[in-house]
Amino acid sequence: MKFSKWTKKNYEADACCVAPKLLGQYLVHATDKAIYAARIVETEAYGGTYRRQVDDGAHSFRGITKRTAPMFEAGGITYVYLIYGMYHCMNIVTAPQGNAQAVLIRAVEPVQGIAAMIENRNAQSAAVNLTNGPGKLCRAMDITLKQNRIDLCGNELFIAHPLVPDTFSVVCTERINIEYAGMGKHFPWRFYMKDNPYVSK
DNA sequence: TACTGGATCCCT
DNA sequence: GGGATCCAGTAT
């Protein structure tokens with residue numbers, strides 16, 4: 001498939017601007033086992049501010065730590081972390097260095113390397129539950145802590161946009177599963193493709 | 001050195 | 001609705 005890779009410039013903006021732009025773009029992970037490609041259908045922005053309120057739902061809210069350090073880097077790298085001891089979540093770091101912002105990839109639609117995705121997930125088919133959640137898509141596309149802090153301008157893991165853009169409607173809602181947050185709970189920073197079956201529950 | 005809980009998923 | 005599973009973050 002023909003595509004053009006995102007460059008450093010694409011990652012300089014605030015996460016809440018990049019998050020909707022990632023919809024319809026392709027997440028590509030080239031490994032020895034397979035080349036995985038998937039169409040991004042759901043994202044969430046984290047970090048930064050909304051109407052002068054700091055995002056208290058972001059990992060970076062309490063300052064830089066060993067785990068969250070990648071979020072504070074300049075945009076254009078990954079931030080992958082372990083969640084609930086068994087799953088991984090993948091983020092795209094955005095904004096200039098020192099401005100901790102990232103976009104969580106919440107759901108994708110498989111495009112290439114589907115047989116390997118099915119194997120990785122121990123699934124029977126490419127039904128929607130193969131990649132309709134952040135933990136599921138990481139397992140399907142073999143994204144683990146090894147892929148943390150990877151340069152997205154390289155050839156292993158990157159974002160590509162199709163040369164023939166597709167059209168869809170974008171829905172914007174509050175983010176999911178951040179009950180611990182205060183004001184941030186209500187930021188309208190979740191974006192997904194209307195009516196796409198791969199959007200998470 | 002000990003304790004707590006999570007940007008999830010799957011089964012009941 | 002609850003268990004799996006483990007490490008970072010925080011408290012002692």
Side-chain angles (χ1 to χ4, degrees), chain A residues 11 14-20 22-23 27 38 40-50 53-73 75 77-95 99-110 117-150 157 159 171-193 197-201:
Chain A
Y11 300 105
D14 285 338
C16 55
C17 295
V18 178
L22 279 166
L23 297 179
L27 175 64
I40 298 170
V41 302
E42 180 180 357
T43 59
E44 279 179 356
Y46 283 91
T49 59
Y50 176 74
Q53 302 275 359
V54 177
D55 181 14
D56 55 11
H59 287 173
S60 54
F61 179 66
R62 290 169 208 290
I64 189 166
T65 65
K66 187 181 171 189
R67 179 179 63 146
T68 63
M71 272 190 83
F72 290 78
E73 299 273 316
I77 63 170
T78 58
Y79 165 45
V80 181
Y81 63 90
L82 180 68
I83 185 73
Y84 297 105
M86 32 190 351
Y87 297 102
H88 296 278
C89 287
M90 184 200 161
N91 294 256
I92 308 275
V93 176
T94 78
N99 189 342
Q101 301 193 31
V103 178
L104 171 69
I105 309 297
R106 281 199 60 87
V108 300
E109 184 180 311
M117 291 188 198
I118 291 172
E119 192 181 317
N120 294 343
R121 287 269 294 135
N122 219 250
Q124 306 301 321
S125 69
V128 293
N129 62 4
L130 189 66
T131 54
N132 66 344
K136 297 179 196 178
L137 75 91
C138 281
R139 182 153 300 176
M141 298 182 73
D142 198 17
I143 294 167
T144 68
L145 288 177
K146 289 197 190 78
Q147 277 67 239
N148 186 29
R149 211 174 187 146
I150 280 188
L157 192 55
I159 300 295
V171 181
C172 175
T173 72
E174 294 182 357
R175 294 169 296 178
I176 292 180
N177 292 340
I178 52 165
E179 290 310 307
Y180 53 83
M183 292 301 294
K185 217 170 5 190
H186 305 297
F187 290 8
W189 281 1
R190 172 175 177 242
F191 305 90
Y192 64 87
M193 279 188 195
Y198 285 88
V199 171
S200 70
K201 300 287 182 298

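Chain letters run A, B, ... following the sequence lines, proteins first, then strands; residues in each count from 1.
- For A:Asn177 and B:dT8, the shortest distance from a side-chain N or O to OP1 or OP2 is below 4.0 Å.
- Among the protein residues, A:Leu104 comes within range of the nucleic acid bases, having at least one heavy atom under 4.0 Å from a base atom.
- The distance from atom CZ of A:Phe61 to atom P of C:dG9 is 16 Å, rounded to the nearest whole Å.
- Counting non-hydrogen atoms under 4.0 angstrom, A:Gly135 reaches the backbone sugars and phosphates but no base.
- To the nearest 0.5 angstrom, A:Arg139 atom CZ is 15.0 Å from A:Met117 atom CE.
- With its ring centre under 5.5 Å from that of the base six-membered ring and a plane angle below 30°, A:Tyr84 counts as stacked on B:dT8.
- Taking a 6.0 Å sphere around NZ of A:Lys185, one finds it holds more than 12 heavy atoms contributed by other residues, nucleotides or ligands.
- For A:Ile178, whose side chain is taken as the heavy atoms from C-beta onward, the closest listed nucleotide among C:dC6, B:dA7, C:dT5 is B:dA7.
- Without hydrogens or angle criteria, A:Asn91 side chain to A:Ala102 main chain gives no donor-acceptor distance under 3.5 Å.
- Without hydrogens or angle criteria, A:Thr65 side chain to A:Thr68 main chain gives a donor-acceptor distance under 3.5 Å.
- Not a single donor-acceptor contact under 3.5 angstrom links the side-chain atoms of A:Tyr81 to the base of C:dA8.
- Along DNA chain B, the nucleotide nearest A:Tyr180 and the nucleotide nearest A:Arg121 are compared for position; the residue whose nucleotide lies closer to the 5' end is A:Tyr180.
- The distance from atom CZ of A:Arg62 to atom C1' of C:dA11 is 14 Å, rounded to the nearest whole Å.
- Here A:Arg67 does not reach the OP1 or OP2 of B:dG6: none of its side-chain N or O atoms lies under 4.0 Å away.
- Summarising the geometry, the separation between CZ on A:Phe187 and P on B:dA7 is reported as 16 Å, rounded to the nearest angstrom.
- Here, C:dG2 and B:dG5 have their C1' atoms 15 Å apart, quoted to the whole Å.
- The listed nucleotides are B:dA7, B:dT8, C:dA4; the one nearest the side chain of A:Asn91 is B:dA7.
- Closest approach of A:Ala126 and A:Tyr198 over heavy atoms only: O-OH, 3.3 Å.
- Between A:Ile83 atom CD1 and C:dA4 atom C1' there is a gap of 13 Å when expressed in whole angstrom units.
- Remark: side-chain polar atoms of A:Glu44 are paired, donor with acceptor, to backbone N or O of A:Ile176 under 3.5 angstrom.
- Rounding to whole angstrom units, CD of residue A:Glu174 and C1' of B:dA7 are separated by 15 Å.
- The nucleotide whose nearest atom lies closest to any side-chain atom of A:Thr65 is, among B:dC9, B:dA7, C:dG9, C:dG9.
- What separates CG of A:Asn132 from C1' of B:dA7 is a distance of 16 Å, to the nearest Å.
- Ring pair A:Phe187/A:Tyr50 is tilted by interplanar angle, where 30° to 60° counts as tilted.
- To the nearest angstrom, P of B:dG5 lies 18 Å from CG of A:Leu82.
- Across all strands shown, A:Asn129 has no heavy atoms under 4.0 Å from either base or sugar-phosphate atoms.
- Of all nucleotides listed (B:dA7, C:dA4, B:dC9), C:dA4 comes nearest to the side chain of A:Met86.
- The side chain of A:Cys89 lies closest to B:dA7 when the candidates are B:dC9, C:dT5, B:dA7.
- Remark: side-chain polar atoms of A:Gln147 are not paired, donor with acceptor, to backbone N or O of A:Leu157 under 3.5 angstrom.
- Atom CD1 of A:Ile64 and atom C1' of C:dA8 are 14 Å apart (whole Å).
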Inset, instruction - Let me have DNA chain B in dot-bracket notation, would you? Count Watson-Crick plus G-U wobble pairs, both distances under 3.5 Å, and use [ ] for pairs crossing earlier ones and | for inter-strand partners. - result: ||||||.||||.

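- Under a 3.5 Å cut-off, the side chain of A:Arg121 and the backbone N or O of A:Thr131 do not form any donor-acceptor pair.
- Contact annotation: A:Lys201 does not reach the phosphate of B:dT8 (side-chain N/O to OP1 or OP2, under 4.0 Å).
- Ranking B:dT8, B:dC9, C:dG9 by closeness to the A:Thr68 side chain, first place goes to C:dG9.
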